[in-house]
Amino acid sequence: MSTPTIARSMVAREGREMQRYAPSGARLVAGVVALSPDKTKVLLVSSTARQDKFVLPKGGFETDEPMPEDAAMREAWEEGGIIGRISRPLGVIDDPRPPKVFVADVAGGGIVPPRAEYYFFEMEIEKELDKWPESERRIRKWATYKEAMSGLVNRPELIEALNRSSIIKS
């Protein structure tokens, strides 16, 4: 699979002015499961809200990005300071949390779209830099499968992405 070329700014994007949404109203999010070369560890980044809570690098798929892979690579750079290549898609995962707003369908019944649709990709890291756009507000750490599973316990969509990856689960 070819890796998108992204411009690497030292300023992280903020806001949702350019955010893409699915026809259902779900926010489109792209992220990476970045594995160590031996596939025994995954790179996690701290949440901006709580530095003791870790997640996979991910964020909004924006209107100026042709493909979700472009957004995933940008987010890997902005949040984790990593550069690499997409090795394979991990598919789309719906956010299992209830939506913030109820949306009625045209027939007058009710549909409840997911809050987000996550497009995840497995990534092979080529460079891990010391300074990156969010290095002042995020911590990154390498975790085994077991460590990552216990840290992501309240984020089933992130656990699903990790389980779809080729991380060694022992």
Side-chain angles (χ1 to χ4, degrees), residues 1-20 26-95 115-145 147-149 151-152 155-168:
M1 171 172 249
S2 66
T3 297
T5 302
I6 62 165
R8 287 185 193 81
S9 169
M10 284 303 286
V11 177
R13 293 182 179 197
E14 293 184 11
R16 300 224 173 135
E17 309 80 43
M18 296 175 60
Q19 176 65 57
R20 288 181 191 250
R27 180 173 175 243
L28 300 182
V29 175
V32 298
V33 177
L35 301 178
S36 61
D38 65 0
K39 298 189 185 310
T40 61
K41 294 190 177 176
V42 61
L43 185 82
L44 301 176
V45 296
S46 63
S47 163
T48 54
R50 292 184 49 192
Q51 290 209 331
D52 64 334
K53 192 157 181 93
F54 287 81
V55 295
L56 297 171
K58 64 181 174 21
F61 173 24
E62 299 189 350
T63 56
D64 65 336
E65 295 167 318
M67 302 294 291
E69 293 92 325
D70 299 299
M73 296 296 286
R74 177 182 48 77
E75 290 293 342
W77 164 245
E78 288 180 359
E79 294 186 357
I82 52 176
I83 299 168
R85 69 176 202 80
I86 300 287
S87 55
R88 67 189 185 101
L90 299 175
V92 180
I93 302 167
D94 284 344
D95 189 338
R115 287 173 57 171
E117 290 178 10
Y118 292 88
Y119 291 76
F120 271 102
F121 302 89
E122 190 168 306
M123 179 182 179
E124 293 177 7
I125 297 175
E126 295 167 350
K127 292 181 188 175
E128 186 176 343
L129 287 94
D130 294 330
K131 293 292 275 177
W132 67 93
E134 297 185 12
S135 59
E136 299 297 319
R137 58 184 177 165
R138 287 192 192 264
I139 298 166
R140 63 183 174 203
K141 74 174 184 178
W142 288 97
T144 63
Y145 175 77
E147 293 165 341
M149 289 296 284
L152 300 174
R155 298 298 300 270
E157 72 282 8
L158 303 184
I159 289 172
E160 178 66 24
L162 183 62
N163 281 330
R164 291 181 184 187
S165 79
S166 58
I167 191 169
I168 296 172

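This is a predicted model, so every value here is computed, not measured.
- For R20, the salt bridge (charged side-chain N to carboxylate O under 4.0 Å, His left out) test picks out no residue, with sequence neighbours left out.
- With hydrogens and angles ignored, the 3.5 Å screen pairs a side-chain donor or acceptor of R140 with a backbone N or O of G80.
- Rounding to the nearest 0.5 angstrom, the gap separating the CE atom in M149 from the CD1 atom in I159 is 4.5 Å.
- Contact annotation: the side chain of M123 never approaches that of R85 to less than 4.5 Å [non-hydrogen atoms, C-beta and beyond].
- A distance-only check finds no donor-acceptor pair linking the side chain of E75 to the backbone of A72 [under 3.5 Å].
- Contact annotation: the side chain of V32 never approaches that of K58 to less than 4.5 Å [non-hydrogen atoms, C-beta and beyond].
- Every side-chain contact (heavy atoms from CB on, under 4.5 Å) that P68 has, sequence neighbours left out, goes to A30, F61, Y119, F121.
- Residues forming a side chain to side chain donor-acceptor pair (under 3.5 Å) with E117 (at least two apart in sequence, or on another chain): none.
- A distance of 6.5 Å separates CZ of R138 from OG of S47, quoted to the nearest 0.5 Å.
- Under a 3.5 Å cut-off, the side chain of W132 and the backbone N or O of E79 do form a donor-acceptor pair.
- Note that NZ of K41 and CD1 of I168 are 12.0 Å apart. Values are rounded to the nearest 0.5 Å.
- I125 and E128 make their closest contact through CG2-N, 4.4 Å (heavy atoms, listed as atom of the first residue, atom of the second, distance).
- Partners of Y145 according to the side chain to side chain donor-acceptor pair (under 3.5 Å) rule, which considers only residues two or more places apart in sequence or in another chain, are N163.
- Rounded to the nearest 0.5 Å, atoms OG (S166) and CD (E124) are 8.0 Å apart.
- Summarising the geometry of D70 relative to P66, their closest heavy-atom pair is OD2-CD, 3.3 Å, with the distance given to 0.1 Å.
- Residues I139 and F54 come closest through the heavy atom pair O-CE2, 3.5 Å.
- Considering only residues two or more places apart in sequence or on other chains, T40 meets the side chain to side chain donor-acceptor pair (under 3.5 Å) condition with D38.
- Residues E136 and K131 are paired through a salt bridge, judged by an N-O separation under 4.0 Å between the basic side chain and the carboxylate.
- Residues passing the salt bridge (charged side-chain N to carboxylate O under 4.0 Å, His left out) test with E157 are R155, sequence neighbours excluded.
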What verdict does the side-chain contact (heavy atoms from CB on, under 4.5 Å) test give for L129 and W77, after you've listed the backbone C-alpha separation in whole Å, the side-chain angles of each residue and the deciding distance to 0.1 Å? CA-CA 9 Å; L129 287 94; W77 164 245; 3.8 Å; yes
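- Remark: E147 pairs with no residue by the salt bridge (charged side-chain N to carboxylate O under 4.0 Å, His left out) rule, at least two apart or across chains.
- By the salt bridge (charged side-chain N to carboxylate O under 4.0 Å, His left out) test, K39 is found to be paired with E122, residues two or more places apart in sequence or in another chain being considered.
- If you take CG on L35 and OG on S87, they are separated by 7.0 Å, rounding to the nearest 0.5 Å.
- Residues T48 and E134 come closest through the heavy atom pair CG2-OE1, 4.3 Å.
- Nearest heavy-atom pair across A143 and A148 is CB-N, 4.0 Å.
- For A34 against I82, the heavy-atom pair with the smallest separation is CB-CD1, 3.6 Å.
- With a 4.5 Å cut-off on side-chain heavy atoms, L158 and V55 count as touching.
- R164 places a side-chain N or O within 3.5 Å of a backbone atom of L90 that can act as its donor or acceptor partner.
- Rounding to the nearest 0.5 Å gives a distance of 9.0 Å between CG of L56 and CG of L43.
- Looking at D94 and Y118, their side chains never come closer than 4.5 Å, going by heavy atoms from C-beta outward.
- Side-chain contact between E65 and R74: present, with at least one pair of heavy atoms (C-beta onward) separated by less than 4.5 Å.
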